[in-house]
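Here is the naming used below: chain letters follow the sequence lines, and residue numbers restart at 1 for every chain.
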Amino acid sequence: MTHDDTPGTLHNTDQLLQRHENLRALARLGVALFPHRFDRTHTVAQLVHTYGETPKAELERQPIQVAASGRILGIRSFGKASFLVLSDGEARIQIYVRQDSLPELDFGIYKLLDLGDFVGVHGRLFRTKTNELTIWAARLEFLAKCLIPLPEKWHGLTDIELRYRQRYLDLIVNPGSRKVFRTRSRILAAIRQFLDARGYLEVETPMMQPIAGGALARPFVTHHNALDIDLYLRVAPELYLKRLTVGGLERVYEINRNFRNEGISTEHNPEFTMLEFYQAYSDYRDLMTMTEELISDVSRASIGTEQIAYHDHAISLRPPYRRLALRQAVRHAASERLGREVGDGELRSRESAAALAARLGIEIGPDDGPGTITTVLFEHLVEHSLVEPTFVYDFPTEVSPLSKQRDDDPDTVERFELFIGGMEIANAFSELNDPAEQRRRFEQQLRNRQRGDLEAHAMDEDYIRALEYGLPPTGGEGVGIDRLVMLLTASYSIRDVILFPLLKPKRDP
RNA sequence: GGGCCGGUAGCUCAGCGGUAGAGCAUCGGACUUUUAAUCCGAGGGUCGAGGGUUCGAUUCCCUCCCGGCUCACCA
């Protein structure tokens, strides 16, 4: 047996050889093996949409000639006649091929077709005796060969690794996967429509940054050869977007990738898509209201409802959403655990907060301050129970170096996160616009970095200078698009909503 | 990185100390309105890799590779 030299397909030689032989046989018939184009009158989806309900008698009274093209995903052969299933990736229609209706050459082409081949067909629409809309083929054109057999028609492709590594196969054979990515596209379109209608300007800011700022996260490092400098892939666009607000762009948004050099999980991909938007003259209260509208609008526009199901929970995305002060939520949960009333004061000093964590059996870092400890307690005690849409607001200043403090409580900033289905979906705050205070916050971050906190924020002198020119009162927010898509498509892994999630490269066999 | 589960035909999966099975797909045959078409026949596997135990390993043991879930970190 000879070996095909296509990498990764060495164990599949029989079927590969057969398909290559069919291609050579087409050449012997004088058929172009890689033709350049095909004029179609309809996509398959258009045919199904337009004529899906047209009665049989009407199709017979007024014959409709069509030309359609797509991939052959089914062949039911009866010798001198056959039914082909033609797919355009969105819909399927049946083709009826019979020897006495086609030119000899075209029937010869039909006999050499393999599952997965692309064809173009000319013919008239009719309904079979089982009333299925079908194209009665008068001509059949070969358009492209599928040289490798497709996964099985009934179970599709279930191997999760193959679905991610060879997403094209997943998309060919798994309609559910195609639907997820169509919905993702609709979600993005709906978000843009929502923001555009409110006077927002869509912008693009650097993905490669000399200082990786705007979030507490470890960045990827890369190198620019001509300038001989290291650059960071951005962890957030935040500081650039606020520079634009300084520049007079009062409402801006960006939808693009962020990169964080951290672990991979069902909720984390190293590159992920984030919506960030900034609105001058607004604070975090305004953004809560706007977020409710955004989420419910986008849900209706993309999936047609505000009622979703996620992990066996029925969730309503209809506003208003529950609002929960972070320290109160932690106190409440801790009180229940410990069977006594936990006071606000216990979260305000390092000693008492650390003692509380110890009594709850929750591990904290040696350098964690009371604000960090409070946040850790929240993540352990509360976060995953937040299934219904919930705004958690008023975070410790210590964990929020870019947020504005409350006037009545400098240890607390005007910040909220939105949780749905136990996942953090959005993070927003009233932007800190006092340059002196921002400098103090950055300096504190530098001290954290010196103590070994790899996620601590870097000093950004130009950003402080921008604030010195004056940033109006501004509310800003980030929305995790992948997670929003997960919610709206009932996907339980972020890899199911990212076309090409990061995988460890496969070694060559 | 830790824990648990998995890797057998192109795909979906059984089998589990005695040299490997099914369905779909493929090949040959029959069939001019089928719907996972049907019927008859055939071919197809270094059972993830390497080592060990054994008369004999796909099966048991060890190591490694790959993946999934989960915990930790994070959005």
Next on the checklist: From CG of A:Leu16 over to P of B:C27, roughly how many Å is that when rounded to an integer?
Outcome noted: 12 Å
Next on the checklist: It should be established whether A:Arg76 places a side-chain nitrogen or oxygen under 4.0 Å from OP1 or OP2 of nucleotide B:A36.
Outcome noted: no
Item to check | Interatomic distance, A:Leu133 CG vs B:U33 P [rounded to whole Å] | outcome: 18 Å
Next on the checklist: Distance check needed: B:A36 P versus A:Gln94 CD, whole Å only.
Outcome noted: 11 Å
Checklist entry - Of the nucleotides B:A25, B:C13, B:U33, which has the atom closest to the A:Lys153 side chain? => result B:A25
Item to check | Separation of B:C11 P from A:Tyr168 OH (nearest whole Å) | outcome: 12 Å
Next on the checklist: Say we look at B:G44 and B:A49: how far apart would their C1' atoms be, to the nearest angstrom?
Outcome noted: 23 Å
Checklist entry - Which whole-number value in Å describes the distance from A:Leu17 CG to B:G43 P? => result 18 Å
Checklist entry - Which listed nucleotide (B:U33, B:U12, B:A25) is nearest to the side chain of A:His155? => result B:U12
Checklist entry - To the nearest angstrom, how far is A:Gln15 atom CD from B:G28 atom P? => result 12 Å
Item to check | A:Pro149 side-chain proximity, nearest of B:A36, B:C66, B:G10 | outcome: B:G10
Checklist entry - How close or far is atom P of B:G10 from atom CZ of A:Arg19, stated in whole angstroms? => result 13 Å
Checklist entry - Considering heavy-atom distances to RNA chain B, does A:Leu115 or A:Asn427 have its closest nucleotide positioned more toward the 5' end? => result A:Leu115
Checklist entry - To the side chain of A:Gln18, which of B:U34, B:G67, B:C27 is closest? => result B:C27
Checklist entry - Between B:C11, B:U34, B:C13, which nucleotide has the shortest distance from any of its atoms to the side chain of A:Thr158? => result B:C13
Checklist entry - Between A:Glu132 and A:Arg127, is there a salt bridge with N-O shorter than 4.0 Å? => result no
Can you check nucleotides 70-73 of chain B for protein contacts, nitrogen or oxygen pairs under 3.5 Å, and list what you find?
from: B:U70; atom 1: OP2; to: A:Thr266; atom 2: OG1; distance (Å): 3.3
from: B:C73; atom 1: O2'; to: A:Glu455; atom 2: OE2; distance (Å): 3.4

What N/O pairs connect the protein and nucleotides 29-32 of chain B at under 3.5 Å? Give each pair on its own line.
from: B:C31; atom 1: N4; to: A:Gly79; atom 2: N; distance (Å): 3.2
from: B:U32; atom 1: OP2; to: A:Phe78; atom 2: O; distance (Å): 3.4
from: B:U32; atom 1: O2; to: A:Arg98; atom 2: NE; distance (Å): 2.6
from: B:U32; atom 1: O2; to: A:Arg98; atom 2: NH1; distance (Å): 3.1
from: B:U32; atom 1: O2; to: A:Arg98; atom 2: NH2; distance (Å): 2.8
from: B:U32; atom 1: N3; to: A:Arg98; atom 2: NH2; distance (Å): 3.3
from: B:U32; atom 1: N3; to: A:Asp100; atom 2: OD2; distance (Å): 3.1
from: B:U32; atom 1: O4; to: A:Asp100; atom 2: OD2; distance (Å): 3.2

Checklist entry - For A:Glu21 and B:G28, what is the distance between atoms CD and P respectively, to the nearest whole Å? => result 11 Å
